[in-house]
There are 2 protein chains.
Amino acid sequence: MRRFYAPNVALGPHELGAEESRHLGQVLRAKPGDTIELADGRGAVFPAEVVSLGKREALLQVGSPECHPEPSPHLTLWVAPTKHTDRFEWFLEKACECGVSRIQPIWTMRSERRVQKPERWQRTLAEAMKQSRRAWLPELLPAASLQDALRTLYEMKDRPWLGLAHCPVPEHPNWERQNIKQAMPVGQDVLIAIGPEGDFTPAEIEAFSEAHFTPVTFGEHRLRTETAALYAVQAFQILNAP
Amino acid sequence: MRRFYAPNVALGPHELGAEESRHLGQVLRAKPGDTIELADGRGAVFPAEVVSLGKREALLQVGSPECHPEPSPHLTLWVAPTKHTDRFEWFLEKACECGVSRIQPIWTMRSERRVQKPERWQRTLAEAMKQSRRAWLPELLPAASLQDALRTLYEMKDRPWLGLAHCPVPEHPNWERQNIKQAMPVGQDVLIAIGPEGDFTPAEIEAFSEAHFTPVTFGEHRLRTETAALYAVQAFQILNAP
């Protein structure tokens, strides 16, 4: 059944937004009496019957939702947006399909992109959520400097396990990178930071070290930022699979 | 050091092709005396000194190669090219970065794309090989019908382990899909077939069953064809990691 994203849906009559109404009527050619699904992105999926359908508005009658528990454990990724935004958007789509919980874009010293596109990125995630029939929309946090992101960690009560990937740290004292398979604990919340195209600076690596990140590797070859970020998501899923 | 793809390179003088010569001179602004690397895509990486540089030709002096053993075990993927070729090309880039050995595009009953672009796809793979600093170029086989592809399996002496993924087979008798993590043997050559956007037909699934494919799943959510195909590559790498 066709699924739509409706963050504010509740039982009873519901008016679909202009864009989704147009999609429902003109692309899918729905008619009154047809049934669709509305996902609120926080686990509830509601059946909804089309009552009436205009060019820019669709009225629905919403029934009782099916509730899906939040996937657990959680994976949070810190990723420096890539120079070409399509590579970052590609990553958002795939990370959502594959079950990431939270993404925070971070600005690093060597980030080549400095502009965030939260609305566009949010739409990419919502599309991927519908397409992959997930009930939970990954949380997209506002972009933050690496310093600010690290500061929030220090304020956390229950810190996730912290991994630092896609980052050359061969000469850092006391640091030996482990393969993600050995390093990452299974069944625990995890946060993995992915280096930018130009790598983290030595000072940034020092800051990660002080915050007790574990350096991990995904193998001996050089991966693009967005490939490494998706690798982290898939490694997390595969290692946590039953 | 900057790496180029040169399938026919050998010790001694070597002339780079027009496109790569232009890239070397005009984009990278190389000068006589500079050193680059030439990878033949079959494990040998040669140091090469720029001797002279014209607009469309570069003459190099090639030294003794460093030889990298072929990665093992091998992963072969059968994938139905997606309707939009950019999604398939994206998959080729990522699969090469992540270490696939062989890719065969297959035509299925419900394939939405029927045109292959072998030269363009080959270039995508070569670019990704250089970028990820791999010494082995994945083999791109000519597209084949599923029937013909299955026939080649029957003629093989040492068959790889066979997995069938991204395919709804809930009602097939005696078939129960296992998570790839349980199903896939570690340390063995593997071939995984990925369903097209419109799924395999019941007759195609029957043919896979007769050929002793094991149905596997990558989790409960619906993945796009290219996402599932990359998931297979990353699962293979992660499960075979030391």
Side-chain angles (χ1 to χ4, degrees), chain A residues 1 3 68-69 71 84 86-87 89-100 127-136 138 166 168 177-184 186 197 216-242, chain B residues 1 3 68-69 71 84 86-87 89-100 127-136 138 166 168 177-184 186 197 216-242:
Chain A
M1 198 183 300
R3 185 171 289 192
H68 301 261
H84 298 289
D86 58 342
R87 291 190 172 272
E89 286 163 21
W90 164 83
F91 157 71
L92 291 175
E93 175 184 300
K94 298 312 178 200
C96 177
E97 281 185 67
C98 294
V100 74
E127 275 307 311
M129 179 193 76
K130 293 188 302 188
Q131 208 278 335
S132 59
R133 302 189 70 71
R134 291 191 168 268
W136 286 82
H166 195 246
R177 283 187 293 177
Q178 299 171 58
N179 190 290
I180 183 96
K181 189 176 166 187
Q182 263 74 47
M184 198 195 78
V186 167
E197 284 147 319
V216 294
T217 163
F218 301 142
E220 61 190 294
H221 292 96
R222 187 166 71 177
L223 302 180
R224 285 179 183 275
T225 292
E226 76 278 7
T227 314
L230 187 65
Y231 201 103
V233 180
Q234 299 194 328
F236 178 84
Q237 292 301 343
I238 290 160
L239 297 173
N240 276 295
Chain B
M1 198 182 303
R3 185 171 289 192
H68 301 261
H84 298 290
D86 59 341
R87 291 189 172 272
E89 286 163 21
W90 163 83
F91 157 71
L92 291 175
E93 175 184 300
K94 299 310 177 201
C96 176
E97 281 185 68
C98 294
V100 73
E127 275 307 311
M129 179 194 75
K130 293 188 303 189
Q131 207 278 336
S132 59
R133 304 189 68 72
R134 290 190 168 268
W136 287 82
H166 194 245
R177 283 187 291 177
Q178 300 170 59
N179 191 290
I180 183 98
K181 188 177 167 188
Q182 263 74 48
M184 198 195 79
V186 168
E197 283 147 317
V216 294
T217 164
F218 302 142
E220 61 190 294
H221 292 96
R222 189 166 71 178
L223 302 180
R224 286 180 182 273
T225 292
E226 76 278 8
T227 314
L230 186 65
Y231 202 105
V233 180
Q234 298 192 329
F236 178 84
Q237 293 301 344
I238 291 160
L239 297 173
N240 276 296

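Just so it is clear: chains get the letters A, B, ... in the order the sequence lines come, proteins before strands, and each one is counted from 1.
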Discussion item. Heavy-atom cut-off 4.5 Å, strictly under: side chain, backbone, both or neither for B:Ile180 against chain A?
Written reply: neither
Worksheet item: For A:His84, does the NE2 atom sit with more than 12 other heavy atoms under 6.0 Å from it, leaving out its own atoms?
Response: no
Item to complete: Select one option (side chain, backbone, both, neither) describing which atoms of A:Arg224 are under 4.5 Å from chain B's heavy atoms.
Response: both
Fill in: Option that, when pairs with chain B are counted at under 4.5 Å, heavy atom only, ranks first among A:Gln234, A:Glu220, A:Gln182
A:Gln234
Response to the item:
dist A:Glu97:CD -> B:Arg222:CZ (nearest 0.5 Å) comes out at 9.5 Å
Response to the item:
Shortest non-hydrogen pair, B:Arg133 vs A:His221, comes out as O-CD2, 3.6 Å
Item to complete: Using the side chain to side chain donor-acceptor pair (under 3.5 Å) rule, pick out the option among A:Gln131, A:Lys94, A:Glu93 that qualifies with B:Thr227.
Response: A:Lys94
Distance-only criterion, 3.5 Å: show the donor-acceptor pairs between side-chain atoms of residues 235-242 of chain B and protein atoms not counting sequence neighbours.
residue: B:Gln237; atom: NE2; partner: B:Cys98; partner atom: O; Å: 3.1
residue: B:Gln237; atom: NE2; partner: B:Gly99; partner atom: O; Å: 3.0
residue: B:Asn240; atom: OD1; partner: B:Gly187; partner atom: N; Å: 2.7
residue: B:Asn240; atom: ND2; partner: B:Phe236; partner atom: O; Å: 3.0

